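Quick caveat: nothing in here was measured; it's all calculated off a predicted structure. Start at 1 with the first residue, then count along the sequence.
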Amino acid sequence: FYILGGLLFLFAVIYKSAIDWATDKFGITIKEILYPVVSPLDGADGGFLKDAINYCIPSVVGCFALFVFYAIFDGIA
């Protein structure tokens with residue numbers, strides 16, 4: 001249960017962080033984010049992906065640490 005729940009929670013945090021990054025960086029909505037996923041951009045600079053990953057890392061690491069902390073201490077109690 002912990003592994004599945006942790007993975008779902010991790011994906012939700014990554015998704016939320018990516019949407020927040022795109023909104024802050026470009027001022028776009030989820031509809032505008034999904035359009036390039038459906039139709040890839042040829043010749044687009046990959047630097048924005050590095051920026052997005054760097055934006056998402058702190059929240060993902062923090063939530064993962066909380067999850068591990070909870071999983072460890074829940075097993076003790």
What pairs with Asp24 under side chain to side chain contact (heavy atoms under 4.5 Å, CB included), at least two apart in sequence or on another chain? Tyr55
Under 3.5 Å, which donor-acceptor pairs link side chains of residues 61-69 to any protein atom two or more places apart or in another chain?
none

Where is the tightest heavy-atom contact between Val60 and Leu10, given as atom of each residue plus distance? CG1-CD1, 3.3 Å
Residues which pass ring pair (Phe, Tyr, Trp, His ring centres under 6.0 Å) with Phe26, listed by chain and number, not counting sequence neighbours: Trp21
Backbone N or O of Ile14 within a donor-acceptor pair of the Ser17 side chain at under 3.5 Å? no
